[in-house]
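Notes to accompany the following structure.
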Amino acid sequence: MERVFDIDKKLKKKYLREWAKTQEGYKWRLCVYVILKTLAVVIFLGLFLPFTCLTYGTDSFLVGMLSGLGTEAAFGCIPFFIGQSVGIKAVEKCGTPF
């Protein structure tokens, strides 16, 4: 006879986060995660707004907007994905028993 256990994934995630918060390096990793995500948002807005504001009302508005989108995608994704990986690793390393 085979045993099958159904796991409530939301409850498991909640318990895992609560356990990870009690571990030593979790707060530092979480701080790095938040800083990198905030930096990504600042880069997204900081590169998009100047390109669009400087070219607003001219013939090159669309080109300026697309240049801003391309530049922000190129530079903003770097801290975003590094922050995402740090956040995932924080839960994995500090939530070892689960």
Side-chain angles (χ1 to χ4, degrees):
M1 183 176 208
E2 186 176 322
R3 288 184 165 181
V4 177
F5 296 100
D6 291 329
I7 297 173
D8 186 6
K9 291 185 179 185
K10 289 182 182 179
L11 196 59
K12 179 187 174 194
K13 188 182 247 187
K14 177 186 167 196
Y15 289 148
L16 179 64
R17 293 216 183 265
E18 286 178 10
W19 172 262
K21 286 179 185 177
T22 63
Q23 300 304 310
E24 203 169 293
Y26 183 74
K27 288 184 181 182
W28 178 80
R29 288 181 177 104
L30 188 65
C31 181
V32 171
Y33 166 76
V34 169
I35 288 171
L36 287 173
K37 289 284 189 141
T38 306
L39 179 65
V41 170
V42 167
I43 288 173
F44 282 149
L45 293 176
L47 291 176
F48 181 69
L49 291 176
F51 280 104
T52 54
C53 291
L54 291 174
T55 59
Y56 184 74
T58 63
D59 295 337
S60 61
F61 176 68
L62 183 61
V63 174
M65 192 169 71
L66 291 175
S67 298
L69 287 173
T71 308
E72 79 175 33
F75 290 112
C77 287
I78 296 168
F80 180 81
F81 288 123
I82 292 173
Q84 188 69 25
S85 68
V86 167
I88 292 170
K89 286 289 185 183
V91 174
E92 285 180 4
K93 286 189 178 201
C94 298
T96 11
F98 295 104

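- Ala73 and Cys77 make their closest contact through O-SG, 3.1 Å (heavy atoms, listed as atom of the first residue, atom of the second, distance).
- Atom NZ of Lys14 and atom CG of Asp8 lie 10.0 Å apart (nearest 0.5 Å).
- The line from OG of Ser67 to CG of Leu54 is 11.5 Å long, rounded to the nearest 0.5 Å.
- For the pair Thr58 (side chain) and Thr55 (backbone), a donor-acceptor distance under 3.5 Å is present.
- Phe80 is not listed as a side-chain neighbour of Leu36, based on a closest heavy-atom distance of 4.5 Å or more.
- Residues Lys37 and Gly83 come closest through the heavy atom pair CE-C, 4.4 Å.
- Taking the six-membered ring where the residue is Trp, Tyr56 and Phe61 present perpendicular rings, their angle passing 60° and hence far from 30°.
- Criterion: ILVMFWY side-chain heavy atoms under 4.5 Å apart, direct or through other members. Under it, Ile82 and Trp28 are part of a common hydrophobic cluster.
- Considering CZ of Arg17 and CG of Leu30, their distance stands at 8.5 Å, rounded to 0.5 Å.
- Looking only at atom types and distance, the side chain of Gln23 has no donor-acceptor partner in the side chain of Lys93 under 3.5 Å away.
- Taken together through direct or relayed side-chain contacts under 4.5 Å among Ile, Leu, Val, Met, Phe, Trp and Tyr, Phe44 and Leu39 form parts of separate hydrophobic clusters.
- Evaluation of the salt bridge (charged side-chain N to carboxylate O under 4.0 Å, His left out) rule for Lys89 yields Glu92 as partners, not counting sequence neighbours.
- Under a hydrophobic-cluster definition in which Ile, Leu, Val, Met, Phe, Trp and Tyr are linked whenever side-chain heavy atoms come within less than 4.5 Å, directly or via other members, Ile35 and Ile43 are assigned to different clusters.
- A continuous path of ILVMFWY side-chain contacts below 4.5 Å connects Val34 to Tyr26, so both sit in one hydrophobic cluster.
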Full working for side chain to side chain contact (heavy atoms under 4.5 Å, CB included) between Lys27 and Lys21: CA-CA 7 Å; Lys27 288 184 181 182; Lys21 286 179 185 177; over 6 Å; no
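- A 6.0 Å sphere centred on CD of Glu18 holds more than 12 heavy atoms belonging to other residues, nucleotides or ligands.
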